[in-house]
Protein chains: 2
Amino acid sequence: MTSPFLHKGHDHSTCIQTALDAADVVCQSHKARLTPIRRRVLELVWQGHSPLGAYELLKTLKTEGHNSAPPTIYRALEFLIQQGLVHRIASLNAYVGCNRPGEHHDGTFLICHVCGTAAEIPDNPMWGPISEMAQAGNFRLSHVNVEAVGECADCQRATGQES
Amino acid sequence: MTSPFLHKGHDHSTCIQTALDAADVVCQSHKARLTPIRRRVLELVWQGHSPLGAYELLKTLKTEGHNSAPPTIYRALEFLIQQGLVHRIASLNAYVGCNRPGEHHDGTFLICHVCGTAAEIPDNPMWGPISEMAQAGNFRLSHVNVEAVGECADCQRATGQES
DNA sequence: GCTCATATTGTTATAATATAACATTTCTAT
DNA sequence: ATAGAAATGTTATATTATAACAATATGAGC
Ligand SMILES: [Zn+2]
Ligand SMILES: [Zn+2]
Ligand SMILES: [Zn+2]
Ligand SMILES: [Zn+2]
């Protein structure tokens, strides 16, 4: 099993480019319009691997001269979430790019409380235990959100806490 | 395995009483003070099995003549959460009573999007898959929040959707 | 009981997040 | 071209949460 965290020195421009390319494909296949605003918001969300708040994104839009009232950003985020290109991290009120766009899945994340990095992990392994619990109560499962908080390897090294 | 959902006709006054009694014990053992406000807020949180918003709780306090500015309720909730008596449901911005007070655990819930009931389930089964993922990335896991949304058995019956 | 340190509560103001409602523009299909 | 639909602009407001400081209550030690 390989780590869901990328090395801090990775070439992030590739992450961005991959995400934007995937978004084009996904939106085409959904017959959805990835307009300039939506595309730019997706790019901003991908400025790193840490979830960003709506108003942080909005601020950047503003500095670029775009129109930017709250609805602008919330609409774009809503669209991107619907297309499966962005996840909302409820415990942070923040948004992060999805790294499995196109595949239908829920958000399952390891979130470092030091550097803010949110690493998306496959959600399949979670469904075993959860759906057992659900079946016990005849609960019809719709979606599962998992937000696991802790400290990433890089941050443990930085604070001299590696085991 | 028994259902984590209680029957709709269950004697809920027992739920409340059990929760308040447990709170007394837990707070005593923590040498923490379950003041009248805090106790009353806990009771209000337990008015059912659906998470309630801070301002809903506040409104009730108001009708009872208590002081009730936002800090009143947020402080009480913060205290109750610290004592492990209440969980915050991030995806709903709402608060619900813990039914395993005293035991150290994270919140793991099945949430019905129809009636709002949130059933707390054991989190142990979740730790297997999650900690495997965490280990793969040398991630030091601190806590895991699971909010699974779907439809409870009662609501499926009511809408004629039982399988 | 009195006194001090601390914890709790009161109070006012404001921050941070998100949505409602309606006008205008742009796109798309015919 | 034109009409319907989708997207965006704009203004206002709702919802959730915290900051900052004052006043009060509590509990431990004297
Ligand atoms: Zn990257
Ligand atoms: Zn980190
Ligand atoms: Zn009950
Ligand atoms: Zn239900």
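Below, read A as the first sequence line, B as the second, and so on, with proteins coming before strands; counting in each chain starts at 1. On a predicted model such as this, the values are computed, not experimentally measured, just so you know.
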Asks: Between C:dG10, D:dA7, C:dT17, which nucleotide gets closest to the side-chain atoms of A:Y74?
Replies: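 Out of C:dG10, D:dA7, C:dT17, the nucleotide with an atom closest to A:Y74's side chain is C:dT17.
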Asks: Between D:dA7 atom P and A:L77 atom CG, what is the distance in whole Å?
Replies: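 Spelled out: CG on A:L77 to P on D:dA7 is 15 Å.
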Asks: Can you say whether the rings of A:H12 and A:H49 are parallel (under 30°), tilted (30 to 60°) or perpendicular (over 60°)?
Replies: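 Correct class here is perpendicular.
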Asks: When you compare the side chains of A:T159 and A:E151, does any donor N or O come within less than 3.5 Å of an acceptor on the partner?
Replies: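 Distance-only check passes for A:T159 and A:E151.
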Asks: Under 4.5 Å between side-chain heavy atoms, hopping through other hydrophobics if needed: is there a path connecting A:I37 to A:V26?
Replies: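 Yes, same cluster.
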Asks: Remember a base hit wins even if backbone is also touched, and classify A:Y95 as base, sugar-phosphate or nothing at under 4.0 Å, heavy atoms.
Replies: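 It contacts sugar-phosphate atoms only.
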Asks: May I ask you to say what A:R38 touches in the nucleic acid, namely base, sugar-phosphate or nothing, with a heavy-atom cut-off under 4.0 Å?
Replies: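 Sugar-phosphate, no base atom in range.
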Asks: To the nearest Å, give me how far apart CD1 (B:I37) and P (D:dA25) are.
Replies: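 Interatomic distance, CD1 of B:I37 to P of D:dA25: 12 Å.
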Asks: Of all the choices, D:dG9, C:dT17, D:dA17, which nucleotide is nearest to the side chain of A:T72 once you look at every atom?
Replies: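 From the listed options, D:dG9 comes nearest.
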Asks: Once you apply a heavy-atom cut-off of 4.0 Å, does B:R33 come out as touching a base, just sugar-phosphate, or nothing?
Replies: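 Sugar-phosphate, backbone atoms only, no base.
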Asks: Got a sec? Which of residues 56-71 of chain A come in under 4.0 Å of DNA chain D, heavy atoms?
Replies: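 Hits under 4.0 Å, by residue number: A:N67, A:A69, A:P71.
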Asks: CD1 of B:I73 versus C1' of C:dG10: gap in Å, rounded?
Replies: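 For the pair B:I73 CD1 and C:dG10 C1', the rounded distance is 15 Å.
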Asks: Could you state the CD1-P distance from A:I89 to C:dA18, rounded to the nearest angstrom?
Replies: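 Those two atoms, CD1 and P, are 12 Å apart.
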Asks: Would you say A:N93 places a side-chain N or O within less than 4.0 Å of OP1 or OP2 belonging to C:dA18?
Replies: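 Indeed, a polar side-chain atom of A:N93 lies that close.
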Asks: Taking all non-hydrogen atoms of both residues into account, name the closest pair between B:N138 and A:Q156 and its distance.
Replies: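 Smallest heavy-atom distance, with atoms named: O-NE2, 3.0 Å.
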Asks: Is there a chain of hydrophobic side chains (I, L, V, M, F, W, Y, each step under 4.5 Å between heavy atoms) that links A:F139 to A:V146?
Replies: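 A:F139 clusters together with A:V146.
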Asks: Going by the angle between their ring planes, with limits at 30° and 60°, are B:H87 and B:F109 parallel, tilted or perpendicular?
Replies: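 If you compare the ring of B:H87 with that of B:F109, the planes turn out perpendicular.
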Asks: Starting from P on C:dT19, measure out to CD1 on A:I81 and report it in whole angstrom.
Replies: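 Value for this atom pair: 10 Å.
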Asks: For B:Y55 and for B:P36, find the nucleotide of DNA chain C with the closest heavy atom, then tell me which residue's nucleotide is more 5'.
Replies: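 Nearer the 5' end of the strand: B:P36.
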Asks: Take atom CZ of A:F79 and atom P of C:dT19, then tell me their distance rounded to the nearest Å.
Replies: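 For the pair A:F79 CZ and C:dT19 P, the rounded distance is 18 Å.
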Asks: Measure the distance from CG on B:L34 to P on D:dG27 and round it to the nearest whole Å.
Replies: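 Those two atoms, CG and P, are 13 Å apart.
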Asks: I'd like to know if the side chain of B:E120 pairs up with that of B:H105 as donor and acceptor (distance under 3.5 Å, no hydrogens or angles considered).
Replies: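 A donor-acceptor contact under 3.5 Å links the two side chains.
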Asks: Expressed as a whole number of angstroms, how long is the span from A:E78:CD to C:dT17:P?
Replies: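 Going from CD in A:E78 over to P in C:dT17 covers 19 Å.
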